Number of protein chains: 2
Amino acid sequence: MTKPKHAVRAVDAIDTRILTILDAEARISLSELAGRIGLSAPSTSDRLRRLVDAGVIHAFTIEIDPEALGYPIRALVRVRPLPGRLRIVQKMIEDLPYVVECDKVTGDEAFLARLYARSIPHLDEMLEALADDAVTHTTIIKGSPVRRRLPPLG
Amino acid sequence: MTKPKHAVRAVDAIDTRILTILDAEARISLSELAGRIGLSAPSTSDRLRRLVDAGVIHAFTIEIDPEALGYPIRALVRVRPLPGRLRIVQKMIEDLPYVVECDKVTGDEAFLARLYARSIPHLDEMLEALADDAVTHTTIIKGSPVRRRLPPLG
DNA sequence: ATTGAAAACTCTTTACC
DNA sequence: GGTAAAGAGTTTTCAAT
C-alpha cells in the first residue's frame, strides 16, 4: 500500500458541499444529494464512496437530545488519576456508561470526560466512585455556544 | 399544546434498539432497520417519526475524521474571559471556525472549546488571538478512550 | 400499537459516451 | 463527469386486529 488508509485527502469544493449537506441531514437519498450539489447520481455516488473509503467520513450517526432521554445534567469532568492509578481510572471511565465521551489529554489531569446525569445526586454518586483513585474537577454545562459543527474544509 | 415539544419521553426496548442501530449506521433504509429490530416497516416508520418528533433524535449527521481533513492537532481549551469581556470572548469563540464545539460551563473558566488545528503554530496563533481578552488553558488531545457514544437508554 | 399485502414511487447501479 | 434505462428496493397506504 502506497498510501495509508487515512491519508490526508484533497477535498474540493464539491466534496465540501457533500460533507456540509450530510452533516445537517445524513439520511437524504443519493439522488436528493446529487440534486442539491448539481451533479449526476452516479458521480455523487462515486464521490460519497470515496469520502467514506478515504476515511473522511468516519460514520453516519444520530445526534440525540440528552434532555429528551432523561438526562437534564451534562457535566465536564477533568480527572487526575492518583499516582499509579492511570490504567485503573481509565478503565473506570470506560466502564461508566454515563460517560458519553472521554479524551486523554496532556497534563496531570489526564482525562476530560463528558458525563450525562439524571440528577445532581446521580452525578455526585458517579464522582464519588472515582474519588478513591483520582482527583476530579467538575463543571456543569450551562449551554453550548457552539454546537458540534464542521471545521473549515478544503 | 399539552406537552412541550422536547418533553421527556418513555423510550422502550425497541426504541432503544432503533437508536443504537442508527447511532452506528444512520443511513440504513427503513426496511433494513425494520428487519433488524423485528418489526414491520410501517411500525418502524412510525416509531422513527415519533423519535424525531419528540426531539429524541435531534439530527442525522456524519462523523468526520479531522486527521483525514488535515487537522492533526485537536485541543481542548478552557477559556477564562477577563472581567467584563465575557460577551466579546464568546463571540470570538463562535466566530473562530476551527472551534468545532464549545460549552459554557460553571466556574471562572466560562468556556470549554474543542479546537482543530493544522499545526502547533496554527494552534498558537488562535490562542494568541484570545490572549487580550481571556486567559486560556490548553491541553492537547492524545487519544479518546471513549469515543462519542450513547448513554444508557430507557 | 402492529401487521401484511400491494401499489406507487424512488433509488441505485450499470453500461456506455 | 453525464445520460439512460433496468432492476432492485423502498415507503406508504389501507383494512384489520
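Letters A, B, ... are given to chains in the order of the sequence lines, protein chains preceding strands, and every chain is numbered from 1. Predicted model, so just to flag it, every value in this text is computed and none were measured.
Figure legend: cation-pi geometry between B/Arg74 and B/Tyr116 absent, as NZ or CZ is not positioned both under 6.0 Å from the six-membered ring centre and within 45° of its axis.
If you check every strand for non-hydrogen atoms under 4.0 Å, B/Ser45 touches sugar and phosphate atoms only. At a threshold of 4.0 angstrom between heavy atoms, the contacts of A/Ser40 include nucleobase atoms, whether or not backbone atoms are also involved.
Near-neighbour residues of DNA chain C inside residues 29-39 of chain A, defined by a heavy atom below 4.0 Å, number-ordered: A/Ser29, A/Leu30, A/Ser31.
Side-chain atoms of B/Asp46 and B/Arg49, non-hydrogen and from C-beta on, do get closer than 4.5 Å to each other. A/Thr16 places none of its side-chain heavy atoms less than 4.5 Å from the side chain of A/Leu19.
In this structure, B/Arg17 has no salt bridge (Lys or Arg N to Asp or Glu O under 4.0 Å) partners at least two apart in sequence or on a different chain. Here A/Arg36 pairs with A/Glu25, A/Glu32 under the salt bridge (Lys or Arg N to Asp or Glu O under 4.0 Å) rule; sequence neighbours left out.
Atom CG of A/Asp108 is separated from atom OG1 of B/Thr139 by 12.0 Å, given to the nearest 0.5 angstrom.
The residues A/Glu101 and B/Arg114 are annotated as salt-bridged, a charged nitrogen and a carboxylate oxygen being separated by less than 4.0 angstrom.
Nearest-nucleotide assignment on DNA chain D puts the 5′-proximal partner with A/Pro42, out of A/Pro42 and A/Arg27.
Taking the screw axis at each terminus of the helix from C/dA1-D/dT17 to C/dC17-D/dG1 from five consecutive base pairs, the angle between the two is 40° to within rounding of 10 degrees.
Atom CG in A/Asp46 sits about 12 Å away from atom C1' in C/dT14, given to the nearest Å. Here the P atom of nucleotide C/dT2 and the CD1 atom of B/Ile14 are 6 Å apart, to the nearest Å. Taking atom CZ on A/Arg49 and atom P on C/dT12, their separation rounds to 11 Å, with Å as the unit.
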Could you list the donor-acceptor pairs under 3.5 angstrom formed between side-chain atoms of residues 143-154 of chain A and any protein atom two or more places apart in sequence or on another chain?
unit_1	atom_1	unit_2	atom_2	d
A/Ser144	OG	B/Asp103	OD1	2.7
A/Arg147	NH2	A/Glu63	OE1	3.1
A/Arg149	NE	B/Val99	O	2.8
A/Arg149	NH1	B/Glu94	O	3.2
A/Arg149	NH2	B/Glu94	O	3.1
A/Arg149	NH2	B/Leu96	O	2.9
A/Arg149	NH2	B/Val99	O	3.0

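Note that the first and last nucleotides of DNA chain D, 5' to 3', having any atom under 4.0 angstrom from a heavy atom of chain A are D/dG1 to D/dA4.
Taking the six-membered ring where tryptophan is involved, the planes of B/Tyr71 and B/Tyr98 are perpendicular, since the angle between them exceeds 60° and thus also 30°.
Atom NZ of A/Lys142 has more than 12 heavy atoms from other residues, nucleotides or ligands within 6.0 Å.
Between B/Ala117 and B/Met126, the shortest heavy-atom contact is CB-CE, 3.8 Å.
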